Amino acid sequence: MLDPKKVAQNFDAVVERLSTRGGNLDFGDFRALIAERSALYVSLESLQAKRNAANEEMKRAAKQDPAALERLRGDLRTLSQEIKEKERQLAAVEERYQAVLLTLPNLPDPSVPVGTSEADNVVVRTWGEPPRFPFTAKQHFEIGEQQGLLDFERAAKVSGSRFVFYRGDLARLERALVSFMIDVHTERGYTELLPPYLVSRAAMTVTGQLPKFEDDAFETAGPDERFLIPTAEVPVTNYHADEILDGERLPLRYCAFSPCFRAEAGAAGRDTRGLIRMHQFHKVELVKFTKPEQSMEALERMVDDATEVLRRLGLHHRVVLLCTADLGFASMKTYDLEVWLPGAGTFREISSCSNCGDFQARRGMIRFRPAPGEKPQLCHTLNGSGLAVGRTLVALLENYQREDGTVRLPDVLAPYMGGRTELRSA
RNA sequence: GGAGAGCUGGCCGAGUGGUCGAAGGCACCUGACUCGAAAUCAGGCGUACCGGCAACGGUACCGUAGGUUCGAAUCCUACGCUCUCCGCCA
């Protein structure tokens, strides 16, 4: 959520900066609501002040003058009705006001390039070289199906499209990658969390998935409303909701493995083959809570932490700074990591690292006390994939494939694969 | 799933329908004492919004949402959460 004060004070500037994101920006009658809301507050508060003063008299009259009490009671009943009516009006305005605020995306940071599509994203740096093959490189799903390591057909039978069974060594590889990634991050100072996979509407609202993107989420059918998490960012960012953190201990850094569930409502027909776009996938997520002045440096370090996984796996990749048009709802600045897929002949997003500034912190009241005795301030929150596990596995299959369809494994994974250095068919 | 107890400030905890933004304690801040620290003493110390240059004043907030009342932390209803016991279960 944007700072409502700043929006009210710099309305035109805010509209202008948000419009660089493209898309349709709906302020509704927000400007009028601001004025209406504050007028209602002023008149309500003066009525309340009047009532409080009158009640003081009641207190005295109750003891000294029972006759006057009855008379006063009549007047106050009217005043009370008036106040209740005012409160109803205010509640209605407040609801519309909040509804608009909750659908406004975060302001892009000034360092973010202005653009109109992903074509305006900026490649910041590239690591490694694409592997050369003396044969035509296959796509990951061709390798997986030929080797009996991936079974999309049976998954479709059991669950529908965009689901998969992993088999044998590949199932193990998925598990191995999770452990490997978490070990890299805990080694580098992150605290491991294993979060809940179902969360409340409130939690989804704090991180920004709701109220605007409800179509993308899976909701449970039980008596209690819950949402399947689309990323561990949701439970982990909410971990410190409604808390005042000790400023001395910031930044806090967490890594968390979880499955992720996405309806992919707007992606019908896209990436229909293979593991790239599933309703369910695994991800190791990084989340940081920082002071405002620390967050931009923390973002750079988070990108380095995520790319470290790619470096250790020897995967050619690049770092891309997203332009304003490609920024996520809650983000003020985002770097995507894109890994090279020789089979597909393209770079594919494998991680997205965002600085959300105080946008989520304001929604979730995530604060810190800079020093003992000082006032609490909003934290900045950051999140990034470290990494998307399924897509990492795709990259390994495509980058380490051999002509006969077998796949070599990077040495760093051997300890997690029982010493295995290649995938066996199953 | 059944029965009971509870939910108050950063934390612990008192609170009779008006004298309660709320005792007391801890933590924290400032000062005194001290070479310094500890201990002790004095004062301060919630959040948000509105008005004001400021001092300060006003309003709201005692799990959440309603209700009763001139007036609710206090009474009523629903919901959420925590704890204890029973049942079930990995």
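In what follows, every chain begins at residue 1, and chains take the letters A, B, ... in the order their sequences are listed. Everything numeric in this text was worked out from a predicted model, so none of it was measured.
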Subject >> Whole-angstrom distance between B:G4 and B:A90, as gauged at atom P >> reply: 28 Å
Subject >> Euclidean distance, atom CD of residue A:E243 to atom P of B:G9 [Å, nearest integer] >> reply: 14 Å
Subject >> Set of side-chain hydrogen bond (donor to acceptor under 3.5 Å, both in side chains) partners for A:H317, sequence neighbours left out >> reply: none
Protein-nucleotides 25-32 of chain B N/O pairs under 3.5 Å:
from: B:C28; atom 1: O2'; to: A:G373; atom 2: N; distance (Å): 3.3

Original post:
Quick one: A:K375 NZ to B:U47 C1', roughly how many Å, whole number?
Top reply: 8 Å
Original post:
Mind checking what makes side chain to side chain contact (heavy atoms under 4.5 Å, CB included) contact with A:E308, not counting sequence neighbours?
Top reply: A:V184, A:R188, A:R311, A:R312
Original post:
Distance between the P atoms of B:U30 and B:A14, in whole angstroms?
Top reply: 31 Å
**OP:** Sticking with atom P, work out how far B:G18 lies from B:U74, rounded to a whole angstrom.
**Re:** 11 Å
**OP:** Enumerate, in order of first residue number, the stems that involve RNA chain B, defined as 3 or more consecutive Watson-Crick or G-U wobble pairs with both distances under 3.5 Å.
**Re:** B:1-7 with B:80-86, B:10-12 with B:24-26, B:28-32 with B:40-44, B:46-51 with B:56-61, B:63-67 with B:75-79
**OP:** Return the value, rounded to whole Å, for the distance between atom CD1 of A:I34 and atom P of B:C49.
**Re:** 14 Å
**OP:** Pick out which of A:R273, A:E145, A:R162 makes a side-chain contact (heavy atoms from CB on, under 4.5 Å) with A:F152.
**Re:** A:E145
**OP:** Can you tell me which residue pairs pass the salt bridge (Lys or Arg N to Asp or Glu O under 4.0 Å) test with a partner in residues 255-264 of chain A, sequence neighbours excluded?
**Re:** A:E264-A:R277
**OP:** Go along nucleotides 50-70 of chain B 5' to 3' and tag each nucleotide: B for a protein heavy atom under 4.0 Å from its base, S when only backbone or sugar atoms are that close, - otherwise.
**Re:** --------BBS-------SBB
Original post:
When rounded to the nearest Å, what value does the distance between P atoms of B:G6 and B:C75 take?
Top reply: 11 Å
**OP:** Could you tell me the separation between the CG atom of A:D242 and the C1' atom of B:C11, rounded to a whole number of Å?
**Re:** 16 Å
Original post:
With A:F213, which residues qualify under side chain to side chain contact (heavy atoms under 4.5 Å, CB included), at least two apart?
Top reply: A:D216, A:F329
**OP:** Pick the P atom in B:G44 and in B:G66, then give their distance to the nearest Å.
**Re:** 37 Å
Subject >> Interatomic distance where NE2 belongs to A:H240 and C1' belongs to B:G10 [whole Å] >> reply: 15 Å
Original post:
Who passes side chain to side chain contact (heavy atoms under 4.5 Å, CB included) against A:L102, sequence neighbours left out?
Top reply: A:M1, A:T205, A:P211, A:R363
**OP:** List for me each residue that meets side-chain hydrogen bond (donor to acceptor under 3.5 Å, both in side chains) alongside A:E56, sequence neighbours excluded, and say none if there are none.
**Re:** A:K59
**OP:** For A:T406, check side-chain hydrogen bond (donor to acceptor under 3.5 Å, both in side chains) against everything at least two apart and list the hits.
**Re:** A:R402, A:D404
Original post:
Between B:A54 and B:G17, how far is it from one P atom to the other, in whole Å?
Top reply: 42 Å
Original post:
Does NZ or CZ of A:R154 lie under 6.0 Å from the centre of the six-membered ring of A:F165, at an angle within 45° of the ring axis?
Top reply: no
Subject >> Integer angstrom distance from the C1' of B:U8 to that of B:A3 >> reply: 26 Å
Subject >> With A:E214 via side chain to side chain contact (heavy atoms under 4.5 Å, CB included) - residues at least two apart >> reply: A:R201, A:L210, A:E219, A:F227
Subject >> Given RNA chain B, 5'-ward residue of the pair A:E56 and A:R226, judged by closest heavy atom >> reply: A:E56
Original post:
Who are the side-chain hydrogen bond (donor to acceptor under 3.5 Å, both in side chains) partners of A:N399, not counting sequence neighbours?
Top reply: none
**OP:** Let me know the distance between CD1 of A:I244 and P of B:G46, rounded to the nearest Å.
**Re:** 12 Å
Original post:
If you draw a 6.0 Å radius around CG in A:D271, do more than 12 non-hydrogen atoms from other residues or ligands fall strictly inside?
Top reply: yes
Subject >> Span that lies between the C1' atom of B:G36 and that of B:G43, in whole angstrom >> reply: 23 Å
